[in-house]
Colleague: 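The structure is given below, and queries will be raised subsequently.
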Amino acid sequence: MRQFRLEFDAEATPAPSIQADQILQGLNERQQEAVRATDGPVMIVAGPGSGKTRTLTHRIAYLLALNKARPYQILSLTFTNKAAREMKDRVEKLVGPELAGGMWMGTFHSIFARMMRVEAEALGYTRDFSIYDTEDAERIIRELMGSLNMDTRQFSPRSMLFLISSAKNHMVSPEEYQRLAATAQQDLAARIYKPYVETLKRANAMDFDDLLIKPIELFRLRADILEKYQNRWTYIHIDEYQDTNRAQYLLTKTLADRHRNICVVGDDAQSIYAFRGADIGNILSFQRDYPNASTIRLEQSYRSSKRILRLADSIIGHNKDQLEKTLWTENGDGTPIVLMEAVSEKDEAQKIERRIRDLGVRAGYRHTDFAVLYRTNAQSRSLEDALRRGGIPYRVVGGTSFYQRREIKDVLAYLRLAVNPNDVASLRRVINYPVRGIGAKTQDELFAFAERQGISAWEALERLTEVGLTTRTQTLVGAFRDMVKPYMQRAFTEPADAVARDLIKETGILADLRDEGTQEGLVRWENVQELINAIAEFTAQERDAASLSSFLQQVSLFTDQDATDSRDERVTLMTLHASKGLEFEVVFVAGLEEGLFPLANASQERKELEEERRLFYVGATRAKAHLFLSFARSRFRFGETTSSIRSRFLEEVDASVLLTEAGETLEQKPNRFQVTEKRSIAYERLDPHYYRESLTTPKPKPKPAKSGDRRVVYDETEGGRIVPGVVVEHEQFGEGKVLSMEGVGDQARAVVFFKEVGQKKLALKFAKLRVVE
DNA sequence: AATAACTTTCTTTTT
DNA sequence: GAAAGTTATT
């Protein structure tokens with residue numbers, strides 16, 4: 001893992017093994033232009049399949065070949081590890097490994113994690129800080145909510161984390177957030193935000209957002225450090241620029257400020273990460289930030305057939321927010337796009353399976369040529385079943401990766417604790433695993449003591465006698481402490497694999513898994529063994545003595561796709577999000593149903609709906625030759641069968657390139673979703689996901705509201721006339737229809753779809769709704 | 001304190 | 001239909 005070398009590599013740049021003009025070969029004129037424009041700001045706007053990434057890598061290779069920049073002066077940022085790896089491979093192929101070796105190429109997170117490792121002390125961290133993923137962060141939030149007596153049922157820790165994360169990404173401080181908080185949920189988040197940040201700091205830990213925000217803080221605080229990096233990275237490249245969030249934008253802008261050699265590549269039509277703070281505005285305002293920027297459009301698609309492009313174009317044409325761009329191709333018309341209608345999700349999966357087999361036989365496609373895309377991870381199950389039954393090998397991208405498995409995270413938590421004693425999340429995770437008699441109550445007392453004394457939880461263990469536990473518990477806790485303690489030294493003096501192996505053995509995790517005696521326990525046992533191997537492998541490659549902590553930091557940033565091997569013969573199953581940047585001969589987009597794609601929550605707000613549409617656009621444009629769209633008329637969701645209707649996207653699409661399975665053209669109902677003049681909001685009849693209750697079960701009978709019964713559909717005793725289906729009026733929002741009700745008495749809330757402002761959730765206590773007619 | 005049995009809620013999408 | 005949380009039992 002050469003990429004984890006920490007020192008800057010300042011040795012002389014080796015001579016390029018290739019001439020610059022050779023690099024330009026095989027590129028079209030526009031691409032060559034983009035490659036040649038090496039100085040100053042450049043924006044490459046490009047459609048799917050136009051060779052964006054290719055152009056970017058050629059540009060980097062060109063810089064190296066010209067000896068314009070030394071490798072370590074080039075910073076190239078991507079969004080996934082996979083993209084970074086691919087990019088590096090391509091550059092290597094062009095200029096040779098020695099020259100490509102020293103480049104800084106990786107995800108935003110991995111690059112800045114490495115930087116923060118070097119600069120940690122400037123912000124009061126140690127270089128061995130822990131990196132908290134969503135699960136760790138959620139654990140912290142849950143604890144905090146508990147200690148602040150917040151009801152985790154009303155607002156989940158996850159939703160709190162989401163709000164805090166988005167505040168962080170927008171660079172809103174806890175104090176500001178407190179002022180801005182408007183809803184009850186935001187109020188709660190505002191109360192947790194500050195303690196959350198403080199807890200992380202005390203734990204010597206950073207979450208994913210911190211990895212981007214802390215560098216910004218650092219640069220603001222220390223002009224000297226900023227200057228160092230501005231001069232280090234004189235050429236900055238950013239792939240998928242449309243997906244950068246505020247922090248990423250600021251970070252790269254600050255870094256590029258001195259030399260202004262920044263090149264961004266993106267496609268506004270493929271922006272699909274607004275939900276995690278991505279801001280299309282960044283790509284739209286590039287010209288404003290850099291008035292002398294050259295903009296280069298790549299509009300020729302080398303990937304898809306004419307029919308597929310026409311379909312894609314008709315999808316995106318329904319969006320208002322977009323940059324002007326016309327894709328064209330020299331490719332042939334291709335085959336018509338096939339729309340498949342299925343009875344159920346099972347049937348849908350079977351049809352897809354049959355198509356794959358059929359095309360494999362008739363057109364000679366290999367399994368790697370196929371991809372099945374869907375909106376939610378949960379949809380993979382039925383597809384997997386069908387493929388398994390049909391004997392077609394597949395791989396699922398995403399889902400839980402190796403490093404997210406419970407047993408792996410348990411082991412990693414032990415190791416993290418050894419490296420970073422302040423790491424509370426890890427301490428909490430392992431203090432009573434395997435079970436050693438330190439229950440919730442004991443833990444509460446320990447952490448409360450630490451809180452009172454203003455010390456870290458580990459220090460509380462060190463001062464165990466002062467906590468005031470019974471002798472018996474003290475012995476148990478002391479034994480745990482004494483078991484882990486030696487490793488806190490050893491982690492820094494001995495090879496990582498030896499430390500890890502001994503610690504794992506001593507904790508008894510392996511024995512615990514073995515004694516389970518189940519098949520699952522065996523698998524987990526094997527996984528732990530595999531982790532030990534991975535650490536050993538890492539140690540062999542990396543001679544840095546303290547590398548256990550860098551290993552831990554690295555694996556925190558690993559995600560699914562890292563294990564995937566595209567060479568083996570399998571059909572790929574993945575979410576539409578995960579498919580970005582990839583291409584396949586044959587693509588299936590499954591589950592085109594209202595409420596699923598677009599998702600129910602997203603179908604009310606124009607912005608969110610447009611994002612769903614871009615997602616559809618991304619999915620459709622993954623296909624080179626064949627595209628299949630499918631929907632099922634019923635689907636097993638939420639533990640029950642629900643009937644569905646086909647997605648509105650199918651009504652919008654250019655039907656001339658589409659055929660049904662029967663070979664007929666699609667009959668569209670273009671006005672199906674228009675909100676008509678008066679009161680009829682067409683959703684209620686057409687979208688069963690809004691009316692799940694009433695369509696799947698007989699009309700909910702008014703139940704007497706028992707106390708503690710949270711499943712009350714509506715409250716008879718109060719405002720009894722406000723029930724799902726009734727039209728109501730609100731002072732500000734105007735007229736709307738009640739979609740559903742929840743809660744009783746003061747807690748009663750209604751989800752109302754207003755004609756003017758869309759869907760809102762209102763507390764009846766405050767919202768003074770009047771029933772119309 | 002640990003286990004078993006139960007109830008409840010939840011599904012976007014990810015570094 | 002899973003995961004997480006709650007309650008009852010040992």
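When reading the values below, keep in mind they use all heavy atoms of this one structure, side chains included, and skip hydrogens, waters and symmetry mates. Given the structure is predicted, the values throughout are model-derived calculations rather than measurements. First the proteins, then the strands, lettered A, B, ... as listed; each starts at 1.
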Colleague: Rounding to an integer number of angstrom, what distance separates B:dT13 and C:dA4 when you compare their P atoms?
Modeller: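 B:dT13 and C:dA4 have their P atoms separated by 15 Å.
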Colleague: A:Arg142 side chain N/O closer than 4.0 Å to the phosphate oxygens (OP1, OP2) of C:dA4?
Modeller: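 Answer no for this pair, as no side-chain N or O of A:Arg142 is under 4.0 Å from OP1 or OP2.
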Colleague: Counting only Watson-Crick pairs (N1-N3 plus N6-O4 or O6-N4) and G-U wobbles (N1-O2, O6-N3), all under 3.5 Å, who is the partner of B:dT13?
Modeller: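 WC or wobble partner does not exist here.
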Colleague: B:dT13 P sits how many Å from A:Leu609 CG, rounded?
Modeller: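 About 18 Å, once rounded to whole Å.
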Colleague: If you look at every heavy atom in A:Asn245 and A:Gly277, which pair is closest and at what distance?
Modeller: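 A:Asn245 and A:Gly277 have their closest heavy atoms at CB-O, 3.1 Å.
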Colleague: Report the distance from atom CD of A:Glu138 to atom P of B:dT11, rounded to the nearest whole Å.
Modeller: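 Checked: the CD to P distance equals 10 Å.
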Colleague: Output yes when at least one side-chain N/O atom of A:Thr575 is less than 4.0 Å from OP1 or OP2 of B:dT14, else no.
Modeller: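 Result: yes.
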Colleague: Report the C-alpha separation of A:Asp210 and A:Tyr132 in whole Å, then their side-chain angles, then the decisive distance to 0.1 Å, and conclude whether the side-chain hydrogen bond (donor to acceptor under 3.5 Å, both in side chains) test is met.
Modeller: CA-CA 10 Å; A:Asp210 287 335; A:Tyr132 281 0; over 6 Å; no
Colleague: If you check the A:Phe636 side chain, which of C:dG1, B:dT12, B:dT3 turns out closest?
Modeller: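 Nearest nucleotide to the side chain: C:dG1.
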Colleague: Does the distance from a Lys or Arg side-chain N to an Asp or Glu carboxylate O, for A:Glu217 and A:Lys214, drop under 4.0 Å?
Modeller: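 A salt bridge links A:Glu217 with A:Lys214.
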Colleague: Hey, which of A:Glu612, A:Glu611, A:Glu594 is the one that makes salt bridge (charged side-chain N to carboxylate O under 4.0 Å, His left out) with A:Arg375?
Modeller: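 So the option named by the test is A:Glu612.
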Colleague: Quick one: is B:dT15 close enough that its OP1 or OP2 comes under 4.0 Å of any side-chain N or O from A:Asn169?
Modeller: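 So the side chain of A:Asn169 is outside the cut-off, no N or O lying under 4.0 Å from OP1 or OP2 of B:dT15.
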Colleague: Could you give the CZ-to-C1' distance, from A:Arg375 to B:dT12, as a whole number of Å?
Modeller: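 That distance rounds to 5 Å.
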Colleague: Whole Å only: how far is the CD1 atom of A:Ile213 from the P atom of B:dT15?
Modeller: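 Distance check: A:Ile213 CD1 to B:dT15 P gives 18 Å.
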Colleague: With heavy atoms under 4.0 Å as the rule, sort A:Arg158 into base, sugar-phosphate or nothing.
Modeller: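 Nothing: the residue A:Arg158, judged by heavy atoms under 4.0 Å, touches no strand.
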Colleague: Quick one: is B:dT13 close enough that its OP1 or OP2 comes under 4.0 Å of any side-chain N or O from A:Asn377?
Modeller: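 Checking A:Asn377 against B:dT13: at least one side-chain N or O falls below 4.0 Å of OP1 or OP2.
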Colleague: With nearest nucleotides of DNA chain B determined for A:Gly439 and A:Leu615 from heavy-atom distances, which residue corresponds to the more 5′ nucleotide?
Modeller: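 First, find each residue's nearest nucleotide; the 5'-ward one identifies A:Gly439.
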Colleague: Using the rule for Phe, Tyr, His and the six-membered ring of Trp, do A:Phe275 and B:dT12 stack at under 5.5 Å and under 30°?
Modeller: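 No.
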Colleague: Taking the nucleotide of DNA chain B with the nearest heavy atom to each, does A:Ile438 or A:Glu611 sit closer to the 5' end?
Modeller: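 First, find each residue's nearest nucleotide; the 5'-ward one identifies A:Ile438.
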Colleague: Answer yes or no: is there a donor N or O on one side and an acceptor on the other, between the side chain of A:Arg614 and the main chain of A:Ser271, under 3.5 Å?
Modeller: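 It does hold such a pair.
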Colleague: Specify the separation, in whole Å, of atom CZ of A:Arg139 and atom P of C:dA4.
Modeller: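 Taking atom P of C:dA4 as the reference, CZ of A:Arg139 is at 10 Å.
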Colleague: Using modelled atom types and a 3.5 Å cut-off, is there a donor and acceptor pairing between side-chain atoms of A:Arg436 and backbone atoms of A:Ile431?
Modeller: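 It does hold such a pair.
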Colleague: Nearest whole angstrom, please: distance from the C1' of B:dT11 to the CZ of A:Arg635.
Modeller: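 Atom CZ in A:Arg635 sits about 13 Å away from atom C1' in B:dT11.
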Colleague: Which part of the nucleic acid, if any, lies within contact of A:Phe108, taking any heavy atom under 4.0 Å across all strands shown: a base, the sugar-phosphate backbone alone, or nothing?
Modeller: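 The answer is nothing, as A:Phe108 stays clear of every strand by at least 4.0 Å.
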Colleague: Among the candidates B:dT14, B:dT11, C:dG1, find the nucleotide nearest to the side-chain atoms of A:Ala578.
Modeller: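 Out of B:dT14, B:dT11, C:dG1, the nucleotide with an atom closest to A:Ala578's side chain is B:dT14.
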Colleague: Using whole Å, what does the distance between atom C1' of nucleotide B:dT13 and atom CG of A:Leu599 come to?
Modeller: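 After rounding, the gap between these two atoms is 8 Å.
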Colleague: What is the nucleic acid contact for A:Arg381, judged by heavy atoms within less than 4.0 Å: base, sugar-phosphate only, or nothing?
Modeller: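 Result for A:Arg381 = sugar-phosphate.
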Colleague: Heavy atoms under 4.0 Å, any strand shown: does A:Asn432 hit a base, just sugar-phosphate, or nothing?
Modeller: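 The residue A:Asn432 makes sugar-phosphate contact but no base contact.
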Colleague: When we call it a touch if two heavy atoms are under 4.0 Å apart, what does A:Thr442 touch: a base, just sugar-phosphate, or nothing?
Modeller: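 Sugar-phosphate, no base atom in range.
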Colleague: To the nearest angstrom, how far is A:Arg613 atom CZ from B:dT12 atom P?
Modeller: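 Interatomic distance, CZ of A:Arg613 to P of B:dT12: 20 Å.
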Colleague: Given that both distances must come in under 3.5 Å, which nucleotide forms a Watson-Crick or G-U wobble pair with C:dA3?
Modeller: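 When the pairing criteria are applied, B:dT8 turns out to be the nucleotide that pairs with C:dA3.
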